Amino acid sequence: MIGRRRLAGLGLLALSPAAAVLTSLAGHRSVASAEVRVSLAGSVPEWAVPAQREAPVPGSELVDLAVYMSWRNPEEALRLAEAVSDPRSPRYGRHLGAGEFRERFAPAAADVEAVAAWLRGQGLRVVDIPANRHYVAAEGTAARVAAAFGTGLAGYRVGDRVLRGPTVAPSMPALHGVVAVSGLDEGGAAVRPDHAIAGPAAPAGFVNAPPCSAWWGERLATELPPAYGTVPPYVPCGYSAVQLRTVYGLADAERDGLDGRGQTVAVTDAYASPTIRADVDRYSRSRGLVPLGRDQLTEIPARPLTSPQAGTHCDPGGWYAEESLDVEAVHLLAPR
C-alpha cells in the first residue's frame, strides 16, 4: 500500500528481490504504445477472491497509487549492487553517488513523462515524480482509478478487516518501462510476521530490546557469527539526557545563549499523536528538564485519512512513540 508514505526508491542500490524481479520483467517489454494494453501481473493479492468480496468501494473514495518504472540496464544495476556489497569484490564499498546512479540507471525522462501524461489523461492528479524517476505517484477517485486500470475496486473480508482490492487484474497501456502499479489494494495492512523467535521481552516503551550495550561497542555479539570479517557490537540500549547533553557540550552552549531561542524546528511525523505534549512534559520532568512552554509546540495535522477503516488499517498508534521520541529529542537539545 503506497498511501501517503511514498517509497523512497532505491539509492545506490539496495535492490530487493521483488525489485530485481520487476526489473527483469521490464527487460521483456519493448512495446511503447498507448493503444495496446497489458495486464500488470502480480497486482491482485491472494486474498482478493470472490468468496471474500463484499461491497464495491464508493466511487468518491480517494485512492493513492504509484506506477513503477524499471531501471535502465537492470542487469548491470544488479551486478553493481552485488559488487559494492561483497567484501571480496574490488568494487566493495565504492558506492555511486545519487547523481551518478540516476545518470546510469534512472528511467528515461520521456518514458516517465508518457506515464504521467496518461495518468493525467485519465483524470488523475500526478502528485510526485522523484528525482530518480523510479515511479509516478498519483491520486484520484476510486471511480477514475478503476476506469483507468480496467478493474473494479471492492472491499474484501480479510480476518477482522475489510481491505480494498481490485476485482480483476489491472491493466494499462503498454508504455515503455512500466513494471507494476501499487496502491490499488490495501495489502500492506494485512502484513504479519512470518515467524517469531522466543526471547526476553522488551519493557514497555520505545526502547531497544536486550541484549544491548550501555555505549557503542560495550557489548560484542561474540556468540553470533562474525559479519564482514569482524564481531559487531549490540546496539546501545539508549542514551540518557545527561549523556546526550554532555556529548554535545550543551551546558556551555546554553551559557552562551545557544539554547534554540528564536528558532523553529519542523518535525514531520504521521497521525498527530493526541498525547504528544503530555509525553514530552512527562519525559522532561523525569529528566530534570523544563517542560514545554504554552506556545512552544504547535501541531499542524494533514487532511484526514479518507479510508473509513483508516484508523485500523494504518495503525496510527504505531507512530505515536516515534513522534514523542522526535519531539523529546528536539526539546532535549534545544530547550528554548
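Here the structure is a predicted model, which is why all the values come from computation and not from measurement.
- Distance check: Arg144 CZ to Glu139 CD gives 12.5 Å after rounding to the nearest 0.5 Å.
- A donor-acceptor pair is defined here as one N or O able to donate and one able to accept, closer than 3.5 Å; such a pair exists between the side chain of Glu218 and the backbone of Ala214.
- In this structure, the side chains of Tyr92 and Ser85 stay at 4.5 Å or more apart for every pair of heavy atoms.
- Taking every heavy atom of both residues into account, Arg53 and Ala154 meet most closely at CG-CB, 3.8 Å.
- Within the 4.5 Å cutoff, the side chain of Asp185 has no heavy atoms near those of the Leu163 side chain.
- Atom-to-atom distance recorded for Ser182:OG and Leu65:CG is 7.5 Å, nearest 0.5 angstrom.
- For the pair Arg104 and Glu76, the salt-bridge criterion is met [side-chain N within less than 4.0 Å of a carboxylate O].
- Legend: residues meeting side-chain hydrogen bond (donor to acceptor under 3.5 Å, both in side chains) with Glu254, ordered by chain and number and at least two apart, are Arg245.
- Judged purely by atom type and a 3.5 angstrom limit, Arg336 has no side-chain atom pairing as donor or acceptor with the backbone of Asp259.
- For Glu299, the CD atom sits in a packed shell: over 12 heavy atoms of surrounding residues, nucleotides or ligands are nearer than 6.0 Å.
- Once rounded to the nearest 0.5 Å, the distance linking CG of Leu332 with CG of Leu244 reads 5.5 Å.
- Side chain of Gln263 to main chain of Gly260: no donor-acceptor pair is present (N/O by atom type, distance under 3.5 Å, no hydrogens or angles).
- Environment of CZ in Arg294: sparse, with no more than 12 heavy atoms of neighbouring residues, nucleotides or ligands closer than 6.0 Å.
- The hydrophobic cluster containing Tyr228 does not contain Val231, counting ILVMFWY residues as joined when their side-chain heavy atoms lie under 4.5 angstrom apart, directly or transitively.
- Within the 4.5 Å cutoff, the side chain of Pro166 has no heavy atoms near those of the Phe149 side chain.
- With Val126 as the fixed residue, the side chain to side chain contact (heavy atoms under 4.5 Å, CB included) test singles out one of Val115, Val136, Val67: Val136.
- Remark: Glu328 CD to Leu289 CG distance equals 10.0 Å, nearest 0.5 Å.
- Other residues, nucleotides and ligands contribute only 12 or fewer heavy atoms inside 6.0 Å of the CD atom of Glu46.
- The shortest side-chain heavy-atom distance between Phe105 and Leu80 falls under the 4.5 Å cut-off.
- Counting all heavy atoms, side chain and backbone alike, Pro236 lies closest to Cys212 at C-CB, 4.1 Å.
- A side-chain donor-acceptor contact under 3.5 Å links Thr151 to the backbone of Thr167.
- The aromatic rings of Tyr68 and His134 stand perpendicular to each other, their planes meeting at an angle above 60°, with 30° marking the opposite boundary.
- Proximity of a side-chain donor or acceptor of Ser213 to a complementary backbone N or O of Arg219 within less than 3.5 Å is detected.
- With His331 contributing its side chain and Asp281 its backbone, the two residues share no donor-acceptor pair below 3.5 Å.
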(request) Evaluate the criterion side chain to side chain contact (heavy atoms under 4.5 Å, CB included) for residue pair Val327 and Asp279; output intermediate values, then yes/no. (result) CA-CA 9 Å; Val327 178; Asp279 291 347; over 6 Å; no
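- Closest heavy-atom contact between Ser60 and Thr141: O-CG2, 4.2 Å.
- Looking at every heavy atom in both residues, Pro274 comes nearest to Tyr320 through CD-CZ, 3.5 Å.
- A distance of 11.0 Å separates CG in Asp128 from CG in Asp64, rounded to the nearest 0.5 Å.
- Put simply, Ile276 and Tyr283 are part of two different groups of oily side chains (I, L, V, M, F, W, Y) that touch within less than 4.5 Å, one to the next.
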(request) Kindly indicate, with the supporting measurements, whether the criterion side chain to side chain contact (heavy atoms under 4.5 Å, CB included) is fulfilled by Leu297 and Val280. (result) CA-CA 10 Å; Leu297 177 68; Val280 176; 5.6 Å; no
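- Glu61 is listed as a side-chain neighbour of Arg164, based on a closest heavy-atom distance under 4.5 Å.
- The heavy-atom pair separating Pro291 from Gln296 by the smallest distance is O-OE1, 4.3 Å.
- Within the 3.5 Å criterion, the main-chain N or O of Arg157 finds no donor-acceptor partner in the side chain of Glu54.
- Within the 3.5 Å criterion, the main-chain N or O of Leu258 finds no donor-acceptor partner in the side chain of Asp256.
- Proximity of Arg161 to Glu186: side-chain heavy atoms (C-beta onward) are nowhere separated by under 4.5 Å.
- Residues Met69 and Val179 are not in side-chain contact: their nearest non-hydrogen atoms beyond the backbone lie 4.5 Å or more apart.
- Residues Trp71 and Asn132 are in side-chain contact: their nearest non-hydrogen atoms beyond the backbone lie under 4.5 Å apart.
- Nearest approach of Ser70 to Pro107, heavy atoms of both residues: O-CG, 3.2 Å.
- The pair Glu82-Arg91 fails the salt-bridge criterion, with no side-chain N (NZ, NE, NH1 or NH2) lying under 4.0 Å from an Asp/Glu carboxylate O.
- Looking at Ser240, its side chain does come within 3.5 Å of a backbone N or O of Gln243 through a donor-acceptor pair.
- Checking side-chain atoms of Arg37 against main-chain N and O of Ser171 turns up a donor-acceptor pair under 3.5 Å.
- Between the CG atom of Leu96 and the CZ atom of Arg102 there is a distance of 12.0 Å, given to the nearest 0.5 Å.
- Open room surrounds OH on Tyr248; 12 or fewer heavy atoms of other groups in view lie less than 6.0 Å from it.
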